[in-house]
Participant: 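For reference, the structure I am asking about is given below.
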Amino acid sequence: MTDVYNMPDERGHFGPYGGIFVAETLMPAITELNEAYQRYMTDPEFIAELDADLKHYVGRPSPLYHAQRWSKKLAGAQIYLKREDLNHTGAHKINNTVGQALLAKRMGKTRIIAETGAGQHGVATATVAARLGLECVVYMGAVDVERQALNVYRMKLLGAKVVAVESGSRTLKDALNEAMRDWVTNIDDTFYIIGTVAGPHPYPVMVRDFQTIIGREAKQQCLEMTGRLPDALVACVGGGSNAIGLFYPFIDDASVKIYGVEAAGDGIETGRHSAPLCAGRPGVLHGNRTYLMADDDGEIIETHSISAGLDYPGVGPEHAWLKDTGRAEYVNITDEEALQGFHDLTKLEGIIPALESSHAMAYVTKLAPTMNKDEILIVNLSGRGDKDIHTMAQREGIKI
Amino acid sequence: MSRLKTRFEELAKTGRKALIPFITAGDPNPEFTVPMMHAMVEAGADIIELGVPFSDPMADGPVIQRASERALEHHTGLTKVLEFATEFRKKDQQTPVVLMGYLNPIEIMGYEVFANAAQKAEIDGVLTVDLPPEEAEDCVALLKARDIDQIFLLAPNSPVERIRKMNAVGSGYLYYVSLKGVTGAGHLDIDDVKQKLAQIRENTKLPVGVGFGVKNAETAKTVANLADGVVVGSAFISKIEKNLDNPEKAKQQIIKLITSMRQAMDS
């Protein structure tokens with residue numbers, strides 16, 4: 001190995017991406033957060049508390065499961081699923097919320113806010129807030145409130161206040177705008193738990209650090225089970241937190257190919273998609289420079305995906321960097337293909353994946369057959385599909 | 001010398017304070033903007049902040065966000081806003097025009113292309129809400145080379161080091177955001193403003209404009225007693241929003257409000 005990957009710089013830059021692009025009112029809060037993050041991530045007591053929570057509360061390590069029937073059917077690589085769907089609350093999101101909530105508590109904050117798309121991050125935030133006795137407000141686009149009713153109810157049961165955001169496209173990006181507004185207004189007592197590896201520094205690196213448990217475990221498990229490193233990694237990318245969590249510990253392992261799967265919605269050619277890395281351009285939104293879906297005037301284009309969690313016009317800045325450097329390849333999967341991935345995994349392995357993760361599954365059905373039978377492919381099963389049953393039924397004309 | 005500097009010096013000589021109205025370009029329709037700018041100057045405005053509509057105005061409250069949405073229905077983006085400024089300049093060579101908005105439209109256009117276009121449109125200042133000084137070096141250099149001021153925001157929680165930083169990087173004036181929060185929210189606490197301004201003044205010789213929370217002639221006067229400029233936005237845009245079926249009526253109400261603010265500030 002010649003170069004050791006060492007991103008970002010101390011102001012959060014991944015090459016030209018990342019950084020801190022926020023209104024002045026937020027700067028003191030960002031500085032305070034950055035200092036706390038630097039301090040606690042090297043504090044053995046904090047790390048011990050985090051590790052204990054991940055083990056006893058989240059239920060880690062999550063299994064690495066050899067999907068033998070599916071591997072056989074695709075007649076290519078041996079497919080291993082990293083089972084983040086088995087975490088408490090049903091997705092990888094809780095790895096991060098547990099960490100940020102502990103940080104919030106150390107910083108003396110009494111109120112937690114979050115944005116959510118599919119509702120998984122909202123549920124994961126409401127969960128840790130309930131456990132730590134913190135007030136919790138979750139912002140969610142009105143469109144998403146509609147299509148993720150189950151998660152809305154879960155959050156309410158957990159004692160969170162869910163605010164339906166009616167502005168803009170009424171999806172994840174608008175929920176983020178609204179959460180930022182709340183944070184600016186209530187900066188003294190409020191901690192903003194961002195759910196993905198985007199936002200102003202230190203969020204992209206902090207969320208990555210909390211999510212890399214996925215890749216660290218997967219690496220160790222793969223070595224234990226097969227005696228070697230995987231040949232390829234696949235994960236879906238909305239903001240990109242589950243993907244960076246899996247990818248990061250493998251970045252310096254040059255033999256491991258890395259694939260991020262974006263949501264192509266109705267198809268890239270239709271313009272109705274959520275694939276900024278595949279079909280967008282660099283710009284600045286939500287506190288960082290990254291690939292975005294924007295028109296010639298720099299206005300953000302409305303995105304589309306069947307999966308609420310991928311329905312976002314930006315992407316974490318580290319993915320932008322991994323794309324430009326060629327370390328990772330970014331591909332895309334349409335709604336239709338994702339649905340097929342959903343059914344395949346459900347019927348062949350008895351595992352119902354989230355629609356977000358189904359994009360990664362669908363790409364596996366394309367990639368695995370091009371690989372040899374002795375090659376290993378790890379795909380991140382970032383969440384379970386219970387929350388999407390309603391969407392699936394509706395799409396297939398079935399009334400539950 | 002920049003138009004902003006000239007304007008603040010003229011005002012200082014006569015002991016008057018700058019009245020700085022903000023409107024979102026293209027709201028409620030593209031035809032409204034340039035005549036409204038001229039009318040505001042006639043009613044007593046000294047500097048005009050022209051909002052560049054953005055799809056995701058994170059630092060703005062619902063009033064200005066809806067103004068952006070209305071403007072974008074007519075596709076009033078950055079290119080169009082520069083056309084408005086050019087049009088305005090044909091009849092008014094004195095009044096400084098400051099573009100206020102978010103970074104992404106400038107990023108997508110490209111910093112240098114934007115700086116050239118802004119120079120051509122005779123823009124005097126640029127205020128980019130989500131561009132803190134740490135990330136602003138390239139943009140500031142390109143604008144400065146064209147005699148365009150980059151204006152920075154200061155907040156109630158900005159520490160002394162940041163005030164000094166803004167003083168070093170910014171020019172034209174500094175814009176003190178008097179509230180923790182978004183535009184159009186709450187009421188400003190005049191004692192807090194007074195205290196913070198004293199601290200800001202100790203660290204800069206630049207004129208200081210105060211905005212967020214100025215809603216009527218009375219608050220305009222109170223703020224004018226402390227600051228070099230009074231920025232008013234949401235109060236005008238509310239008039240537009242209340243008269244969407246009759247923009248001419250909105251225009252008359254805005255003129256009336258500006259006139260009353262001007263009188264109160266000068267008395």
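Throughout, a chain's letter reflects where its sequence line sits, starting with A, and its residues are numbered from 1.
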Participant: Tell me, for Ala23(A) versus chain B, whether the close heavy atoms (under 4.5 Å) come from the side chain, the backbone, both or neither.
Facilitator: both

Participant: Evaluate the side-chain proximity of Asn157(B) to Pro28(A): yes if any heavy-atom separation is below 4.5 Å, no if none is.
Facilitator: yes

Participant: For Arg162(B), is it the side chain, the backbone, both, or neither that has a heavy atom closer than 4.5 Å to a heavy atom of chain A?
Facilitator: side chain

Participant: Determine whether Gln65(B) and Arg181(A) satisfy the following criterion, side chain to side chain contact (heavy atoms under 4.5 Å, CB included), listing intermediate values before the conclusion.
Facilitator: CA-CA 12 Å; Gln65(B) 170 159 32; Arg181(A) 291 185 182 116; 3.1 Å; yes

Participant: Need one label for His286(A): side chain, backbone, both or neither, based on atoms under 4.5 Å from any heavy atom in chain B.
Facilitator: both

Participant: Which heavy atom of Leu154(B) sits nearest a heavy atom of Glu24(A), and at what distance?
Facilitator: CA-CG, 4.1 Å

Participant: Exactly one of Ser158(B), Pro132(B), Pro133(B) should register a side chain to side chain contact (heavy atoms under 4.5 Å, CB included) with Met27(A). Which one does?
Facilitator: Pro132(B)

Participant: With a 4.5 angstrom heavy-atom cut-off, which part of Asp296(A) approaches chain B: side chain, backbone, both or neither?
Facilitator: backbone

Participant: Identify which part of Ile106(B) has an atom lying under 4.5 Å from any heavy atom of chain A, answering side chain, backbone, both or neither.
Facilitator: neither

Participant: Taking every heavy-atom pair that is under 4.5 Å apart, which of Leu72(B), Leu78(B), Leu131(B) has the most such pairs with chain A?
Facilitator: Leu72(B)

Participant: Between Lys173(A) and Ser55(B), what is the shortest heavy-atom contact and its length?
Facilitator: NZ-O, 4.2 Å

Participant: Can you say whether Leu26(A) sits under 4.5 Å from chain B via the side chain, the backbone, both, or neither, judging by heavy atoms?
Facilitator: neither

Participant: Heavy-atom count around Gln199(B) CD within 6.0 Å, excluding the residue itself: above 12?
Facilitator: yes

Participant: Are Glu107(B) and Arg289(A) within salt-bridge range, i.e. N to O under 4.0 Å?
Facilitator: yes

Participant: Identify the two heavy atoms, one from Gly77(B) and one from Glu299(A), that lie closest to each other, and give their separation to 0.1 Å.
Facilitator: CA-OE2, 4.2 Å

Participant: Mind listing the closest non-hydrogen atom pair of Ala155(B) and Thr25(A) along with its distance?
Facilitator: CB-CA, 3.7 Å

Participant: Would you say Glu269(A) has more than 12 foreign heavy atoms packed within less than 6.0 Å of its CD?
Facilitator: yes

Participant: List the atom of Phe54(B), the atom of Gly298(A), and the distance in Å for their closest heavy-atom pair.
Facilitator: CE1-O, 3.3 Å

Participant: Which region of Asp182(A), side chain (C-beta onward) or backbone (N, CA, C, O), has a non-hydrogen atom less than 4.5 Å from a non-hydrogen atom of chain B, or is it both or neither?
Facilitator: neither

Participant: Is the shortest side-chain heavy-atom distance between Ile300(A) and Asn104(B) below 4.5 Å?
Facilitator: yes

Participant: If we define contacts as heavy-atom pairs under 4.5 Å, which of Ile20(A), Val284(A), Thr185(A) has the most with chain B?
Facilitator: Val284(A)

Participant: Give, as side chain, backbone, both or neither, the part of Glu69(B) having an atom under 4.5 angstrom from any heavy atom of chain A.
Facilitator: side chain

Participant: Quick check: closest heavy atoms across Ile108(B) and Pro282(A), and the distance to 0.1 Å?
Facilitator: CD1-O, 3.5 Å

Participant: Could you have a look at Met180(A), Glu178(A), Arg281(A) and say which one has the most heavy-atom pairs with chain B under 4.5 angstrom?
Facilitator: Arg281(A)

Participant: Taking every heavy-atom pair that is under 4.5 Å apart, which of Thr79(B), Asp56(B), Thr128(B), Leu153(B) has the most such pairs with chain A?
Facilitator: Asp56(B)

Participant: Once you round to the nearest 0.5 Å, how far does NE2 of His75(B) lie from CG of Asp297(A)?
Facilitator: 9.5 Å

